[in-house]
Amino acid sequence: MAGPLKLSGGPGYRARLRALGLVAPLLIFIVVTFVAPLGTMLLRSVYDPVVADILPETLELLEDWDGRELPPEAVYAAAAKEIERAGTERTLGQVASRINRVQGGLRSVITRTGRELRDIEQGPWRESMTAIDSIWADPATWYAVQATGERFTARHYWNALDLQRLSDGSVARQPEERRIYLRLFGRTLMISGLITLLCLILGYPIAHLIACSTPSRSNLLLILVLVPFWTSLLVRTTAWIVLLQTQGVVNEFLVTVGLISNDGRLAMIYNMTGTIVAMTHVLLPFMVLPLYSVMRGIPKTQMNAAASLGATPRQAFLRVYWPQSLPGVGAGALLVFILAIGYYITPALVGGSDGQLISNMIAYHMQTSLNWGLAAALGGVLLLVVLVLYAVYERLLGVERIGLG
């Protein structure tokens with residue numbers, strides 16, 4: 001006879017269920033706080049259905065338009081009807097804002113057209129709309145309407161790279177006055193690399209001092225390193241404003257000791273200098289801690305052994321100590337660089353117009369211009385840059401060499 005049916009798995013199955021139950025809260029947390037927001041951002045960068053939902057008939061008729069001559073009367077009639085309806089439903093502002101991002105100056109034209117079309121009962125609609133504003137007789141206006149009507153589009157990524165798609169389908173560079181994002185990306189990478197280098201130069205001897213000190217002294221030094229973590233980021237940043245401003249502590253000291261004149265005070269705030277100084281101070285612990293965690297595992301007797309074999313202090317450091325500390329250097333550099341590349345509050349407070357980074361432009365489009373598609377595209381490009389740099393790092397040094405202690 002066949003044995004009884006087993007309604008549950010064996011011990012291995014139950015162990016896997018228990019393991020899944022233990023990691024389930026962490027998985028849910030990661031999905032809710034990381035995967036879902038990241039996916040939403042990437043989707044928003046390529047998906048914008050607002051114009052397609054509000055002007056569907058107009059966009060359907062524009063599919064057969066060649067883009068060179070003015071659209072036929074049927075397109076004008078459909079556009080007039082849908083613009084008037086959107087004005088009544090108070091959704092015309094959303095359409096006008098999006099079309100204005102492709103061709104500047106159209107927001108006010110579209111909203112005014114929506115108001116004046118209410119007083120027009122019949123066509124011909126081409127003459128009526130061109131009488132309201134002659135810009136409706138320009139094929140570029142209708143191309144802007146057609147371009148923003150795409151539900152899935154790479155338009156935001158073209159803008160993020162200072163490019164634009166022309167009416168003939170080709171891609172060209174933006175006009176000189178609108179090329180701002182690539183310059184900001186370059187500035188962000190340069191400043192992040194410089195801050196990483198400064199944190200390494202300052203943090204390496206600090207970490208070495210802590211690792212080579214007695215336990216009581218190393219604990220005190222670690223507390224001093226950790227003090228910034230116990231202070232609000234906003235407080236730390238505003239403290240640098242007090243120190244570095246023209247009438248601040250640093251300038252007053254330099255004037256008092258006679259290093260500079262009262263009329264020659266240094267401009268160290270609301271520029272790139274303020275951004276670099278404040279961000280280096282904020283991110284320095286993220287370099288010191290990984291370095292210290294690796295250095296404390298390096299036997300102190302190795303340097304003495306190298307010296308006993310005839311090595312100079314410089315040779316002993318470069319051939320014995322430095323190679324063993326590289327995992328901490330890699331971990332600290334990667335951590336500081338990734339944090340610096342996305343910093344927002346510090347450059348916003350102390351950077352001024354010259355010290356702004358790409359993160360400030362992302363925040364501007366999220367909070368002020370409400371161009372969330374472009375903000376998401378800028379974030380997507382920034383994410384791609386980080387992933388490329390991480391891949392290069394892994395290729396050259398290997399992620400397995402990163403050490404956190």
If you look at every heavy atom in Gly342 and Ser359, which pair is closest and at what distance?
-> O-CB, 3.9 Å
Calculate, to the nearest 0.5 Å, the distance between atoms CG and CG belonging to Leu55 and Leu92 respectively.
-> 8.0 Å
So, does Gln324 use its side chain to make a donor-acceptor pair with the main chain of Val320 at under 3.5 Å?
-> yes
Sidechain N-carboxylate O distance under 4.0 Å for Arg85, Glu57 | no
CG of Leu221 to OG1 of Thr214, rounded to nearest 0.5 Å, is 8.5 Å
Is the count of non-hydrogen atoms from other residues, nucleotides or ligands lying under 6.0 Å from Arg217 atom CZ greater than 12?
-> no
Any donor-acceptor N/O pair, Asn251 side chain to Gln245 backbone, under 3.5 Å | yes
Supply the atom-to-atom distance Leu382 CG to Phe185 CZ, rounded to the nearest 0.5 angstrom.
-> 6.0 Å
Quickly, which of Thr111, Ile110, Val109 forms a side-chain contact (heavy atoms from CB on, under 4.5 Å) with Thr113? Name it, please.
-> Val109
Return the orientation label for the His281 and Trp240 ring planes: parallel under 30°, perpendicular over 60°, tilted otherwise.
-> perpendicular
When you measure from the side chain of Ser170 to the backbone N and O of Leu166, does any donor-acceptor pair fall under 3.5 Å?
-> no
Verify whether one side chain among Ser369 and Tyr364 offers a donor that lies under 3.5 Å from an acceptor in the other.
-> no
Pairs where residues 270-281 contributes a residue and the test salt bridge (Lys or Arg N to Asp or Glu O under 4.0 Å) is met, not counting sequence neighbours | none
Measure the spacing between CD1 of Ile201 and OG1 of Thr196 and express it to the nearest 0.5 Å.
-> 11.0 Å
Between the side chain of Gln94 and the main-chain N/O of Val50, is any donor-acceptor distance below 3.5 Å?
-> no
Do Trp142 and Tyr76 have ring centres separated by under 6.0 Å?
-> yes
Please check if atom CZ in Arg118 has more than 12 non-hydrogen atoms from other residues, nucleotides or ligands closer than 6.0 Å.
-> yes
Residues passing the side-chain hydrogen bond (donor to acceptor under 3.5 Å, both in side chains) test with Tyr343, sequence neighbours excluded, are none
CH2 of Trp158 to OG1 of Thr153: how many Å apart, nearest 0.5 Å?
-> 10.0 Å
When Trp125 is tested against each of Ile120, Val75, Thr130 for side-chain contact (heavy atoms from CB on, under 4.5 Å), which residue passes?
-> Ile120
Excluding sequence neighbours, so at least two apart, what forms side-chain hydrogen bond (donor to acceptor under 3.5 Å, both in side chains) with Arg155?
-> none
What do you reckon, is CZ of Arg178 surrounded by more than 12 foreign heavy atoms closer than 6.0 Å?
-> no
Is the number of heavy atoms from other residues, nucleotides or ligands within 6.0 Å of CD (Glu60) greater than 12?
-> no
So, does Thr280 use its side chain to make a donor-acceptor pair with the main chain of Leu198 at under 3.5 Å?
-> no
Selection residues 256-281 - residue pairs positive for salt bridge (Lys or Arg N to Asp or Glu O under 4.0 Å), sequence neighbours left out = Glu252-Arg265
Sub-4.5 Å side-chain heavy-atom contact between Met361 and Ile180 = yes
What distance do Leu17 atom CG and Leu22 atom CG have between them, rounded to the nearest 0.5 Å?
-> 11.0 Å
Residue pairs passing the ring-ring contact (aromatic ring centres under 6.0 Å, His included) test with at least one member in residues 186-221, sequence neighbours excluded, are Tyr204-Phe317, Tyr204-Trp322, His208-Tyr321
Verify, without hydrogens or angle tests, whether Gln174 (side chain) and Leu163 (backbone) share a donor-acceptor contact under 3.5 angstrom.
-> yes
Glu116 side chain to Ile132 backbone, donor-acceptor under 3.5 Å = no
Is the number of heavy atoms from other residues, nucleotides or ligands under 6.0 Å of Arg173 CZ greater than 12?
-> no
Pro139: partners by side-chain contact (heavy atoms from CB on, under 4.5 Å), with sequence neighbours left out | Trp65, Leu70
Between Val350 and Gly274, the two heavy atoms sitting closest are CG2-O, 3.5 Å
